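For reference, the structure discussed in these notes is given below.
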Amino acid sequence: MTTPRAAERATLRERLYLVWDIAMMVLISANLLLLLIDSLFLLPPINAGLAAVAPTLHQAYDQTVHQRFLTIDLVFVAIFIADVLAGWILAVVERRYARWFYYPFVHWYDVLGCIPVGGFRLLRVLRVISLLLRLQRLGVIDIRRWRVYAFFEHYYRIVMEELSDRVATRLLSSLQDEVRRSEDFTKRLSEEVIQPRKAALVDEIARRLEATVDKSYAENHQEVHRYVAALVDRTLEENAELTRLRRLPLGDNVARAMQRSLSDVASRVVHEAIDGLRSPQFRSLIGDLAESGIDAWLYVDQRTDRVTEQVLIETLEMLKDEIAVKRWKDELR
């Protein structure tokens, strides 16, 4: 159980980390800004324009900053190295990683960003991003509301969609080529994928058929009985023998009694037949039929192999067409 004193120490430690992170973000941002300004100062058109427009500012910057740029940058580098070493020591003390030497590999951008050479300096941008993400996790800021974040997120999604679409299209095209080149794809599909699961497929088909018939009869049993009764009535009315019986004395009553009896018998037969669908014998019959159907379906010859290959290729082509749709364009409408 966490004591109040321990919770207070943890809160204080988090606040110190927060202050540290904000201070480092300010220093790194200042350093990156200095790098940008000095890089622009080195461009001849900008240098000449500044000298013409503001000669005093040009001379002051040249003597104060530009000529001492390496020294100023080394001061920043010294601070960044101290930051890396302090973070490494804290990581070891707090046992954040399984091994003590993992820290520089996890924070490689901090380590390489300390090198005061060309492109390595640009890695300091990653440190700013990591600090912003840390502040986001702590709830200090919400970068998702920033317009800059929305701008970069939008184009990031576009780039990722384009890249993923190209990779997926290339992969599906490779699959199509493999299916075309394969000489026994359908046979292997039958023997290695479907045959080992045939028993489960047969059982599932029988179960679903039984459930479908049972549910349909339960929901429509009155309509079924009315249909059977109407069918019996129509059949008896067309029967010549029954017509002659109706002409006899009391024959009409006898005919109606026979009609009611036959309708009742037919309805009972239908009801018993539906109840029989739940029997093990019917399930066994359905299983045999399903197994025969699957065996016929799994029979592979040259024509079957060609048809299966074409179905797979066209299915993959349809997927490629779906992937080719630029979803990000819909967001711009």
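Residues take their numbers from the sequence shown, with the count starting at 1. Values in this document were obtained by computation on a predicted structure and should not be read as measured data. Heavy-atom basis, side chains included; hydrogens, waters and symmetry copies ignored.
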* Considering all heavy atoms of both residues, which atom of Trp108 and which atom of Leu126 are nearest to each other, and what is their separation? -> CH2-CD1, 3.8 Å
* State, yes or no, whether a side-chain contact exists between Leu163 and Val159 at a heavy-atom distance under 4.5 Å. => yes
* Between Leu132 and Ile22, is there a shared hydrophobic cluster once you connect ILVMFWY residues whose side-chain heavy atoms come closer than 4.5 Å? -> yes
* Rounded to the nearest 0.5 Å, how far apart are CG of Leu34 and OG of Ser39? -> 9.0 Å
* Structure fact -> Taken to the nearest 0.5 Å, the spacing of Leu42 CG from His66 NE2 works out to 5.0 Å
* **Leu40 reachable from Val65 in the ILVMFWY side-chain graph, under 4.5 Å edges** => no
* Structure fact -> Heavy atoms of Gly87 and Trp20 approach each other most closely as N-CH2, 3.7 Å
* I would like to know whether His58 and Phe41 meet side chain to side chain contact (heavy atoms under 4.5 Å, CB included); could you show each step before the answer? => CA-CA 9 Å; His58 178 275; Phe41 186 79; 3.5 Å; yes
* Output yes when a side-chain donor or acceptor of Ser164 lies under 3.5 Å from a complementary backbone atom of Glu161, and no otherwise. => yes
* Considering only heavy atoms from C-beta outward, does the side chain of Phe69 approach that of Leu35 to under 4.5 Å? -> yes
* Rounded to the nearest 0.5 Å, what's the gap from CZ on Arg127 to CG on Leu32? Could you check? => 11.5 Å
* Within a strict 4.5 Å, meaning less than it, do heavy atoms of the Phe76 and Leu27 side chains meet? -> yes
* Inspect the surroundings of CZ in Arg68 and state if more than 12 heavy atoms from other residues, nucleotides or ligands are less than 6.0 Å away. => no
* Distance (rounded to the nearest 0.5 Å) between Leu112 CG and Leu122 CG -> 12.0 Å
* **Separation of Leu50 CG from Gln59 CD (nearest 0.5 Å)** => 11.5 Å
* Going only through I, L, V, M, F, W and Y residues with side-chain contacts under 4.5 Å, is there a path from Ile115 to Val77? -> no
* Could you tell me whether Asp73 and Arg124 have a side-chain N and a carboxylate O separated by less than 4.0 Å? => yes
* To do: Name the orientation class of the two ring planes belonging to Tyr103 and Trp88 (parallel below 30°, tilted from 30 to 60°, perpendicular beyond 60°).
  => parallel
* Asked: Same cluster for Ile89 and Tyr102 if Ile/Leu/Val/Met/Phe/Trp/Tyr side chains link at under 4.5 Å?
  -> no
* To do: Could you tell me how the ring of Phe101 sits relative to the ring of Phe105: parallel (under 30°), tilted (30 to 60°) or perpendicular (over 60°)?
  => perpendicular
* Nearest 0.5 Å please: distance from the CD1 atom of Ile28 over to the CD1 atom of Ile129. => 11.0 Å
* Please check if Tyr109 and Leu85 belong to a single hydrophobic cluster, counting links between Ile, Leu, Val, Met, Phe, Trp and Tyr side chain heavy atoms closer than 4.5 Å. => no
